[in-house]
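In what follows, a structure is listed as structure tokens, so that the remarks can point back to it.
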4 protein chains.
Amino acid sequence: MAKKTGEKYQNIIEAAVKVIAQHGYHQAQVSKIAREASVADGTIYLYFDNKADVLVSLFKEKMGAFVQATRERIELLERADDRLRELIYMHLWQMSQNRDWAIVTQIELRQSDPVVRAGINQALKEYLKLIDEVIFLGKEQGVFRENVEHRVARKMIFGTLDEAVTSWVMNDRKYNLVSLVEPIHNLFINGLKVEKQ
Amino acid sequence: MAKKTGEKYQNIIEAAVKVIAQHGYHQAQVSKIAREASVADGTIYLYFDNKADVLVSLFKEKMGAFVQATRERIELLERADDRLRELIYMHLWQMSQNRDWAIVTQIELRQSDPVVRAGINQALKEYLKLIDEVIFLGKEQGVFRENVEHRVARKMIFGTLDEAVTSWVMNDRKYNLVSLVEPIHNLFINGLKVEKQ
Amino acid sequence: MAKKTGEKYQNIIEAAVKVIAQHGYHQAQVSKIAREASVADGTIYLYFDNKADVLVSLFKEKMGAFVQATRERIELLERADDRLRELIYMHLWQMSQNRDWAIVTQIELRQSDPVVRAGINQALKEYLKLIDEVIFLGKEQGVFRENVEHRVARKMIFGTLDEAVTSWVMNDRKYNLVSLVEPIHNLFINGLKVEKQ
Amino acid sequence: MAKKTGEKYQNIIEAAVKVIAQHGYHQAQVSKIAREASVADGTIYLYFDNKADVLVSLFKEKMGAFVQATRERIELLERADDRLRELIYMHLWQMSQNRDWAIVTQIELRQSDPVVRAGINQALKEYLKLIDEVIFLGKEQGVFRENVEHRVARKMIFGTLDEAVTSWVMNDRKYNLVSLVEPIHNLFINGLKVEKQ
DNA sequence: TATGAATGAGCCTTCATTCAT
DNA sequence: CATGAATGAAGGCTCATTCAT
């Protein structure tokens with residue numbers, strides 16, 4: 001039904017990101033997005049099934065690019081621990097590069113209704129799969145412990161990065177997010193404990 | 001103006017948790033909460049300023065008890081690493097004990113509007129402070145590394161636990177959440193890396 | 001049912017005048033009047049049938065005193081034109097003496113619902129009767145023209161005074177209302193026309 | 001935001017007059033007005049900012065036409081006393097022509113809240129200005145006395161006409177309002193006093 | 001394809017009144 | 001007589017979606 005291509009399709013998605021970032025999820029009415037995209041309200045329904053579809057599509061498009069960029073970069077590296085560092089870097093760097101997107105993904109889109117949430121979670125799986133791959137590789141390479149539960153490690157990696165970005169956005173991005181790459185990586189690899197002498 | 005005590009006050013909060021867990025945030029109308037609490041709609045406004053106040057109060061009450069219970073338990077232990085394990089345990093155990101509360105806190109309340117969010121974040125700070133205390137203690141005791149950034153560690157601990165519970169709720173609680181205590185604690189303490197022989 | 005006497009009865013009426021003058025008709029809730037009168041909400045219903053009854057009683061009490069005071073004063077005078085001047089004077093003087101009452105009667109009570117209006121109109125009749133008496137006397141005395149329609153003259157007298165007070169209240173009582181007595185009386189007696197030489 | 005023109009705009013205003021006249025101000029819900037105008041509730045908000053705006057617009061539209069029609073008619077006449085008679089005639093005639101409008105303007109709209117009142121008073125000023133013009137002209141022409149306070153005269157003229165129409169509406173229009181033109185005019189011009197022989 | 005005017009379902013909150021104490 | 005906690009009905013407004021042009 002909805003033609004999910006074309007210049008206007010992209011325009012609408014960009015407009016939605018901008019409007020949500022600027023006015024917040026609850027003030028991002030269809031008509032406001034339409035105005036920002038310089039189309040009529042009804043035109044949005046030629047490209048999307050409904051408002052939720054706009055939000056899910058937006059997340060999928062952006063998240064798809066996000067994951068792909070990350071994957072391309074980490075696959076240039078050999079060792080799993082280096083890949084992990086690169087994944088952390090890409091996550092924080094990409095978020096810090098796009099102010100609007102960070103606000104939308106960390107704050108605003110979390111207010112959305114169950115339908116949108118379901119779509120978002122679907123899109124997130126691709127990213128979680130990427131994280132899993134790094135963990136599995138690390139085990140294969142003997143770089144990560146065999147007895148690490150990969151599901152737990154995945155939660156730690158994603159949960160920490162997510163919390164880091166949310167916290168950074170909520171604190172009005174007062175510090176350099178990328179500066180957290182090394183401390184986070186260090187913590188993931190070495191844990192909290194003091195090394196035995 | 002609002003009398004924030006009494007049996008009805010508690011009833012309304014319990015009713016709100018139940019209704020939100022059962023019907024979702026966007027279907028938790030004041031009248032539905034009132035019916036569940038066996039009071040008239042107007043009675044809610046004798047105890048709360050408005051609907052947002054119900055939600056914020058609910059979170060503060062529950063979160064306050066959550067933090068206090070956790071604090072009481074961990075302070076029985078000496079070592080920071082044991083306290084961390086107890087904190088992880090209490091977090092996961094308390095969430096797994098109360099199905100409704102887990103749904104409300106991990107899924108539904110995140111959809112709330114900025115006013116509610118602000119109140120929630122305020123209440124969360126107390127918990128983050130508790131996590132910080134454990135980290136600082138660990139450094140003092142020489143159990144955790146001095147060079148660990150406590151803000152980063154705090155994000156790791158909270159982010160991981162939060163993600164773990166969310167994931168568990170979203171997967172319809174198919175597994176035992178408390179079984180994650182040891183793997184998570186192990187990961188936090190030892191990190192991913194293989195121990196040198 | 002309602003016991004329309006006693007100290008509290010008076011207190012409630014005075015409280016109602018004060019609250020309405022201060023907060024406006026639409027912000028004059030029963031509970032606010034009760035608090036001002038230092039009684040419980042329910043107590044009001046021991047002295048009045050309902051809220052409308054408070055307002056009507058209030059108007060009747062005050063208007064009764066208003067009319068009686070006016071009547072007593074004008075009956076001291078012989079000539080109808082002097083009585084008319086005194087009536088104008090009493091109307092404007094009494095209103096200018098009691099700020100709250102002027103606001104209540106000219107602005108706030110006009111916003112009331114039909115039931116209250118009906119009660120007010122009833123109470124007003126006594127005053128209109130007094131005006132009529134002056135007109136009839138004037139005709140008898142040969143001071144006022146016989147061919148003046150008394151109903152029309154009554155409307156002129158009441159309408160003008162009413163408009164004068166309303167206008168004065170709405171302009172924040174910036175001028176001395178009593179200074180209008182002579183001009184108004186003059187206009188009533190002589191009309192607009194230039195006297196023939 | 002509100003598009004204050006078009007056929008529907010007029011329809012809604014007419015519907016509002018009808019509904020208010022028929023059911024009273026406090027029973028004139030937006031949905032009732034919408035039904036009467038054969039539009040959806042929401043459509044009203046395409047043409048008006050809110051309910052108060054409907055009422056204020058209604059008054060302004062009607063009052064504007066009222067004043068203009070009166071102005072056009074009186075300006076055909078030379079003498080100020082003739083103009084005054086025409087103004088009285090137009091006031092009473094226009095009111096007696098439109099039963100609903102008379103009820104709305106004399107009874108129902110006076111119950112409105114402060115916001116609406118403010119809008120109404122603004123619109124009334126134009127009419128008071130017209131009355132002033134007649135008074136000034138009369139003085140210039142030597143038809144009215146120079147020492148008549150124009151503000152007082154204005155209050156007499158408006159107050160009397162307003163009271164006459166209100167009284168007529170409240171008495172269920174049992175008599176012919178226009179029959180009051182001559183007596184009122186006579187009273188305004190000649191006053192109450194008996195002419196000296 | 002594109003438009004944008006029209007639709008109408010849905011909900012938080014107030015406050016006059018009651019009645020058990 | 002007096003209290004005041006509890007009741008519950010009622011309505012203005014928003015905004016995603018449609019459809020005639």
Side-chain angles (χ1 to χ4, degrees), chain A residues 3 6-8 26-35 37-55 113, chain B residues 1-3 6-9 26-35 37-54, chain C residues 3 6-8 26-35 37-55 113, chain D residues 1-3 6-9 12 26-35 37-54 113:
Chain A
K3 182 202 153 198
E7 190 191 359
K8 282 195 175 141
H26 290 286
Q27 281 304 308
Q29 297 88 348
V30 170
S31 63
K32 207 178 269 173
I33 295 170
R35 203 178 319 124
S38 301
V39 298
D41 293 16
T43 304
I44 287 185
Y45 291 85
L46 298 175
Y47 292 89
F48 299 89
D49 292 334
N50 47 47
K51 187 181 176 180
D53 187 29
V54 175
L55 303 179
D113 62 274
Chain B
M1 194 129 288
K3 182 198 153 200
E7 191 191 0
K8 288 216 166 93
Y9 175 78
H26 292 285
Q27 279 306 307
Q29 297 89 345
V30 170
S31 63
K32 211 178 268 173
I33 294 170
R35 203 179 316 125
S38 300
V39 297
D41 293 17
T43 303
I44 288 185
Y45 292 86
L46 297 177
Y47 294 90
F48 300 90
D49 292 333
N50 46 50
K51 187 180 175 180
D53 187 32
V54 176
Chain C
K3 182 201 154 199
E7 193 191 355
K8 282 193 176 143
H26 291 285
Q27 281 304 307
Q29 296 88 346
V30 170
S31 62
K32 208 179 266 173
I33 294 171
R35 202 178 319 127
S38 301
V39 298
D41 294 16
T43 304
I44 287 185
Y45 292 86
L46 299 174
Y47 293 90
F48 300 89
D49 292 334
N50 46 49
K51 187 179 177 181
D53 187 30
V54 176
L55 303 178
D113 62 274
Chain D
M1 193 128 289
K3 182 196 152 202
E7 191 190 357
K8 289 218 167 88
Y9 175 78
I12 292 165
H26 292 285
Q27 282 304 307
Q29 297 89 344
V30 169
S31 63
K32 210 178 266 173
I33 295 170
R35 203 179 316 125
S38 301
V39 297
D41 294 17
T43 303
I44 288 186
Y45 293 86
L46 296 176
Y47 293 90
F48 300 89
D49 291 334
N50 46 50
K51 187 180 175 181
D53 187 32
V54 176
D113 62 275

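Note that the structure is predicted; figures quoted are calculated from it, not measured. Here is how names work: the chains are called A, B, and so on, in the same order as the sequence lines, proteins then strands, and each is numbered from 1.
A distance of 9.0 Å separates OH in C:Y47 from CD in C:E7, rounded to the nearest 0.5 Å. Atom CG of D:D41 and atom CZ of D:R35 lie 8.0 Å apart (nearest 0.5 Å). In this structure, C:L55 CG and C:D113 CG are separated by 8.0 Å, a value rounded to the nearest 0.5 Å.
Heavy-atom nearest nucleotides on DNA chain F were determined for A:H26 and for D:H26, and the one closer to the 5' end corresponds to D:H26. Along DNA chain E, the nucleotide closest to C:A28 and the one closest to D:S38 are compared, and the more 5′ of them pairs with D:S38. Where A:S31 and D:A52 meet DNA chain F, the nucleotide closest to each residue was compared, and D:A52 sits on the side nearer the 5' end. Comparing B:T43 and D:K8 along DNA chain E, the residue whose closest nucleotide (by nearest heavy atom) sits nearer the 5' end is D:K8.
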From CA spacing to verdict: side-chain contact (heavy atoms from CB on, under 4.5 Å), B:D53, B:N50: CA-CA 5 Å; B:D53 187 32; B:N50 46 50; 3.4 Å; yes
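The aromatic rings of B:Y9 and B:F48 lie parallel to each other, their planes meeting at an angle below 30°, with 60° marking the opposite boundary.
The distance from atom CD1 of A:I44 to atom P of E:dT1 is 16 Å, rounded to the nearest whole Å. A:Y45 places its OH atom 13 Å from the P atom of F:dC15, with the value rounded to the nearest Å. One interatomic measurement links the two molecules: CD of A:Q29 to P of F:dA16, which rounds to 6 Å at whole-angstrom precision. Note: NZ (B:K3) to P (F:dG4) measures 12 Å, nearest angstrom. As rounded to whole Å, 10 Å separates atom C1' of F:dA10 from atom CD of D:Q27. We find that NZ of C:K51 is positioned 8 Å from C1' of E:dC15, with the value rounded to whole Å. Rounding to whole angstrom units, CG of residue C:L55 and P of E:dT17 are separated by 10 Å. One interatomic measurement links the two molecules: CG of A:D41 to P of E:dT1, which rounds to 19 Å at whole-angstrom precision.
At the heavy-atom level, D:Y47 lies under 4.0 Å from the strands shown only through sugar-phosphate atoms. C:V30 comes within 4.0 angstrom of a nucleotide base, judged by non-hydrogen atoms across all strands.
Both distances falling under 3.5 Å, in either a Watson-Crick or a G-U wobble arrangement, place E:dA5 opposite F:dT18. Pair check for F:dG11 finds E:dC12; Watson-Crick or G-U wobble, both atom distances under 3.5 Å.
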